[in-house]
Amino acid sequence: IDKLKTILSRSINNGLKGVEILSRNKSLNIEKNINCKKTLWIPSTGIIDSHLIMSKLENLSLSKDVSIIYNLELNTIKKSKDLYTIDFVNDNISITSEYIINCGGLWAHEIANQLLSNNNNYDIEYYKGDYFKTSQVKNLNCLIYPVPKDISLGIHAVLNLNGEVF
């Protein structure tokens, strides 16, 4: 219960609304397929179609005259005064921009580190997750996670947009 309170406090500090610790009975009213003493209810949590969101962001950006560059490998990025200068491994062009968005995925920290002093570099720890689809659990009403451990989210139930459980 103490960890739930810590997560509740952190959630509120991060601006989440409507977050609360629920009793066992209230929890079971929301999701009958759980075994708990109490739960942390976060009504704003959910699942999204990430491809649809990225497509929408791309279209909105293009409609605002934002330039998007595809399929180029970053060589260096440097900031001088208020402008970034970017050059690429697989193209001879060099770009200067007031704003950039780092979409480097698993390598985003390496891109960000080009702009930081050596004392403030980002370091990434990778964790492997195994996901299995099951037809034995059906009709869940929400995402279900155990109280997290220090190094793992533990075994949890994730829904996709079709209601399938992983």
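Small disclaimer: the values here were computed from a predicted structure and weren't measured. For this chain, numbers begin at 1 and follow the sequence in order.
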Can you establish whether the number of heavy atoms outside L60 located under 6.0 Å from its atom CG is more than 12? yes
Strictly by side chain to side chain donor-acceptor pair (under 3.5 Å), give each pair with a member in residues 40-68 just once, sequence neighbours left out. E58-Y70
Pairs where residues 11-21 contributes a residue and the test side chain to side chain donor-acceptor pair (under 3.5 Å) is met, not counting sequence neighbours: none
Checking [X] now: which residues fulfil side chain to side chain contact (heavy atoms under 4.5 Å, CB included) with it, not counting sequence neighbours?
X: S97; result: I100
X: T6; result: R10
X: N160; result: N162, E164, F166
X: Y126; result: L106, H109, I124

Would L140 end up clustered with I34 when hydrophobic side chains under 4.5 Å apart are linked, directly or stepwise? yes
Quick one: does N113's side chain have a donor or acceptor within less than 3.5 Å of a partner on N121's backbone? no
L116: which other cluster members, linking ILVMFWY side chains closer than 4.5 Å, directly or transitively? Y122
Which is it for I93 and L72 under the side chain to side chain contact (heavy atoms under 4.5 Å, CB included) test, yes or no, and what are the steps along the way? CA-CA 10 Å; I93 64 170; L72 291 177; 4.2 Å; yes
In Å and rounded to the nearest 0.5 Å, what is the [atom1] to [atom2] distance from [X] to [Y]?
X: I1; Y: L8; atom1: CD1; atom2: CG; result: 12.0 Å
X: I30; Y: T39; atom1: CD1; atom2: OG1; result: 6.0 Å
X: C103; Y: M54; atom1: SG; atom2: CE; result: 6.0 Å
X: L22; Y: L40; atom1: CG; atom2: CG; result: 8.0 Å
X: N29; Y: R24; atom1: CG; atom2: CZ; result: 11.5 Å
X: I144; Y: N35; atom1: CD1; atom2: CG; result: 11.0 Å

For E98, the side-chain hydrogen bond (donor to acceptor under 3.5 Å, both in side chains) test, sequence neighbours excluded, returns none
My understanding is that only residues two or more places apart in sequence, or in another chain, count here; which of them pass side-chain hydrogen bond (donor to acceptor under 3.5 Å, both in side chains) with N120? S117
I need the minimum non-hydrogen distance between P148 and K3, along with the two atoms involved. O-NZ, 3.2 Å
Return a table of donor-acceptor pairs under 3.5 angstrom between the side chains of residues 73-81 and protein atoms on other chains or two or more places apart.
| unit_1 | atom_1 | unit_2 | atom_2 | d |
| --- | --- | --- | --- | --- |
| N75 | ND2 | D87 | OD2 | 3.2 |
| T76 | OG1 | D87 | OD1 | 2.2 |

ring-ring contact (aromatic ring centres under 6.0 Å, His included): pairs with one or both residues in residues 132-158, sequence neighbours excluded: Y145-H156
